[in-house]
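Side-chain atoms are counted along with the backbone in the values below, which use heavy atoms only and exclude waters and symmetry mates. Throughout, a chain's letter reflects where its sequence line sits, starting with A, and its residues are numbered from 1.
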Amino acid sequence: MSVHVSTLQARISGESTASSPLSTEEYFVNMGPQHPSTHGVLRLVLRLDGETVREVVPVLGYIHRGIEKMGEHGNYRQFVHLVDRMDYLSALANNWAVTMVVEKAAKMETTERIQAIRTLVCELQRIQSHLLWWGVFGMDLGGFTPFFYGLREREQICDIFEKTIGARLTMNYIQPGGVMFDIHPEFVKDVKAFISYLKPKLVEYDALVTDNVIIQERIRGIGKLSAERAIALGATGPVLRASGVAHDLRKSEPYGVYSQLDFDVPVGKDGDCWDRYWVRMEEMRQSVRMIEQLIDNIPEGKTFMVKPAAKIKVPAGVHYSHLETARGILGVLLVSDGKEAPYRIHCRTPNFNNLWCIGEMATGGRMGDLVAMLSSIDIVVPDIDR
Amino acid sequence: MDALNLIAAVQALQPDAKVREQTDQPTLIVPAHALVALARQLRDDPTLRFDLLETHTAVDWLDEDRFELLYLLASVPLGHHLTLSVSIDRDEPVVPTLCEVYPIAQWLEREVYDMFGILYDNHPDLRRLFLEDDWVGFPLRKDYEDDFMLERPE
């Protein structure tokens, strides 16, 4: 049995499609890897017919670091550092995903306080991630103002993290067995001040962008993705929910203290760029709701059950657990042979799966809309390449 | 559906499926030739409805001279999970593609080809995903070596 293996060169070379002097000719254009709207080093090869996109061929690997291979050569605690560098806007959720599978496999216990702190910081980071997306989305559409507004608010969340965690981006905070440090004495006060600051800002955002006729005309009805196709293409998170599927692991398989919190899962209707925009704006409000319920009710207790040991023994076998980051389902598959380092560790990252929807959305659409569609998926390239 | 019922339901569809031990999710070992037909049944059966291929990856069991392919299926409407495990010979790593059942498999399988060199029969666009087309070797195989590799702690 022989299986044919192709190359990129073969994939994007084709015969001339012009059959008569009046017909148009299709051609390939590179978008990226250095392009301001691909948010990192994503390269898309586009097959165009004039302004119409006929096909999108994503070319990956420009920031591939082999995190999974590195993971096989270090212990579990070291792997927590590496996943910070995948989706850097959800570093805490990435830490938690690894922590969750290790704790489940090694049967480590945690306290209510640990779970409450984890939930709280992850929701804060979800707001931070969506704020950055909101700013960048505005900028991709040609408006520079949202970028400044979004980053201004995001900066405050980074400051809150810096006080407690000591880092602003690559957190390495949530560890198997607990969290690295207890929250800063001013954490509760700071978060409350930030929430009361953010709520009127979200109203201002609506006046600036959401209710703006130009924005609505620009993003309504483009980049449509049906619910069936979204699931078939493995999309999760806001991309899937915008297509009308209320699938959120925080509701369907609650972890942390999400089962005690009262919140809604916003879903869209048409699965277009507008719905994806709206779902994220609504998610920010839901995160504010969750933080308000939690911030006065952090239980007392330890932040590490036992003194953290460098070596964690995980029983041999296949272990899997997943959670909901700002972009979708992040799963960690751990295959252990009982030694100090994992035998194989695989991350199911949300961006990798969400990216492939771009082909479905963009084909048949306009080249100019592609930037809006790409931005509405909210991709982070290091999370795709790993 | 809970794990025991799920396994019984799948074994009714595919009697050759055996339970894989040492896993925390219901996992069934399936022969490679039965994979595509079973996956289609799992997706279309109204009581199972495994519509999401959450992830697909491989494990290189060098000592046992086989690759283990893991397919993690989930049902969005019903909320249950199932893992399919397919073992293939390390010397002839060919397995049928799941692209027709789960479109996302096209890219997940390209990643596994890139990292493990597993060949997917009938794949519409099988080529490297992250590495360059002329890269030598498959990095996530256990016998892959380069000058900068770390030692695995015992």
Look up atom [atom1] in [X] and atom [atom2] in [Y], then write down how far apart they are to the nearest 0.5 Å.
| X | Y | atom1 | atom2 | answer |
| --- | --- | --- | --- | --- |
| B:H56 | A:L333 | NE2 | CG | 11.5 Å |
| A:S252 | B:L78 | OG | CG | 12.0 Å |
| A:I384 | B:W107 | CD1 | CH2 | 12.5 Å |

Measure [X] against the heavy atoms of chain B and call it side chain, backbone, both or neither at under 4.5 Å.
| X | result |
| --- | --- |
| A:P350 | neither |
| A:L355 | neither |
| A:I231 | both |
| A:V57 | side chain |
| A:V245 | side chain |
| A:S6 | both |
| A:Y62 | neither |
| A:E253 | side chain |
| A:H322 | side chain |

May I ask you to name which of [options] has the most heavy-atom pairs under 4.5 Å with chain A?
| options | answer |
| --- | --- |
| B:V101, B:D114, B:D125 | B:D125 |
| B:E21, B:R43, B:Q25 | B:Q25 |
| B:L53, B:T27, B:L108 | B:L108 |
| B:V76, B:L119, B:L52, B:L131 | B:V76 |

- With distance as the sole test, does B:D133 use its side chain to make a donor-acceptor pair with the main-chain N or O of A:L8 at under 3.5 Å?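 Yes: the side chain of B:D133 pairs with the backbone of A:L8.
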- Query: When you measure from the side chain of A:R344 to the backbone N and O of B:A58, does any donor-acceptor pair fall under 3.5 Å?
  - Reply: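 Such a contact is found between A:R344 side chain and B:A58 backbone.
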- Residue, of A:I329, A:D385, A:I63, A:V335, that accumulates the most heavy atom pairs under 4.5 Å with chain B: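 Option with the greatest count: A:D385.
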- Task: Heavy-atom pairs under 4.5 Å with chain B are the metric here; pick the option from A:A316, A:G331, A:G66 that has the most.
- Result: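 The candidate making the most pairs under 4.5 Å is A:A316.
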Of the non-hydrogen atoms in [X] and [Y], which two are nearest, and what is the gap between them?
| X | Y | value |
| --- | --- | --- |
| A:R229 | B:P103 | NH1-CG, 3.8 Å |
| B:K142 | A:Y343 | NZ-O, 2.6 Å |
| A:V3 | B:Y120 | CG1-O, 3.3 Å |

- Message: Walk me through whether A:Y320 and B:T83 qualify under side chain to side chain contact (heavy atoms under 4.5 Å, CB included).
- Response: CA-CA 10 Å; A:Y320 182 75; B:T83 306; over 6 Å; no
- Taking atom CD of B:E64 as the centre, report whether more than 12 heavy atoms of other residues, nucleotides or ligands fall under 6.0 Å from it.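 Yes, CD of B:E64 has more than 12 neighbouring heavy atoms, counting only those of other groups under 6.0 Å.
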- Just wondering, are more than 12 heavy atoms of other shown residues or ligands nearer than 6.0 Å to NZ in A:K311?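 Atom NZ in A:K311 is not crowded, with 12 or fewer foreign heavy atoms closer than 6.0 Å.
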- Task: Would you kindly say whether B:E111 and A:H346 are connected by a side-chain donor-acceptor distance under 3.5 Å?
- Result: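 Per modelled atom types, B:E111 and A:H346 side chains form no pair under 3.5 Å.
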- Item | Candidate pair B:D24 and A:K104, rule side chain to side chain contact (heavy atoms under 4.5 Å, CB included), full reasoning | CA-CA 9 Å; B:D24 59 359; A:K104 187 166 98 173; 2.8 Å; yes
- Task: Measure the shortest side-chain to side-chain distance between A:V318 and B:L70 over non-hydrogen atoms and say whether it is less than 4.5 angstrom.
- Result: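 Yes, their side chains come closer than 4.5 Å.
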- Looking at side-chain heavy atoms only, is the closest gap between B:L140 and A:E72 below 4.5 Å?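 Sidechains of A:E72 and B:L140: in contact.
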